[in-house]
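Per chain, numbering begins at 1; letters A, B, ... match sequence-line order. In what follows, every heavy atom counts, from backbone to side chain, and hydrogens, waters and symmetry copies are set aside.
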Amino acid sequence: TPSSGDIQLTEEAVRRYLTRKPMTTKDLLKKFQTKKTGLSSEQTVNVLAQILKRLNPDRKIVHDKMHFYLKE
Amino acid sequence: SSSEADEMAAALEAELNDFI
């Protein structure tokens with residue numbers, strides 16, 4: 001097993017985080033750091049963008065920042 | 001580094017811009 005594969009950037013993982021609480025893009029990127037997933041920065045950005053487009057989360061502004069969230 | 005995180009967040013937001 002790859003040492004860098006302890007966290008996986010999947011739609012299900014993103015869904016779980018966004019159902020729990022609203023998050024910014026930066027919050028999400030912190031959850032899926034490249035050193036934890038083994039993906040490159042570019043892959044992380046691309047995959048996360050695809051997942052967010054599919055999930056189509058609701059958005060709200062908290063402390064002047066766009067946050068994404070999903071209702072259960 | 002935090003600047004790399006900032007760059008990634010900016011790239012991600014740019015990717016999502018059309019969509020948002």
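- Remark: B/D6 CG to A/K26 NZ distance equals 3.5 Å, nearest 0.5 Å.
- Going from atom CD of B/E4 over to atom OG1 of A/T34 covers 5.5 Å, rounded to the nearest 0.5 Å.
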So B/E13 and A/M66, side-chain contact (heavy atoms from CB on, under 4.5 Å) or not? Walk me through it.
CA-CA 10 Å; B/E13 278 157 32; A/M66 172 76 76; over 6 Å; no
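- Considering every non-hydrogen atom in both B/A9 and A/T25, the closest pair reads CB-OG1, 3.9 Å.
- Interface residue A/L48: backbone and side-chain heavy atoms are both found under 4.5 Å from chain B.
- The structure places CG of B/L12 at 8.0 Å from CG of A/L28, a figure rounded to the nearest 0.5 Å.
- Hydrophobic clustering (ILVMFWY, side-chain heavy atoms < 4.5 Å, transitive): A/V62 and A/L29 are in distinct clusters.
- In this structure, A/E42 and B/M8 have side chains that are not in contact, with every pair of non-hydrogen atoms separated by 4.5 Å or more.
- Under the 4.5 Å side-chain heavy-atom criterion for grouping Ile, Leu, Val, Met, Phe, Trp and Tyr, A/I51 is not connected to A/Y69 through any hydrophobic cluster.
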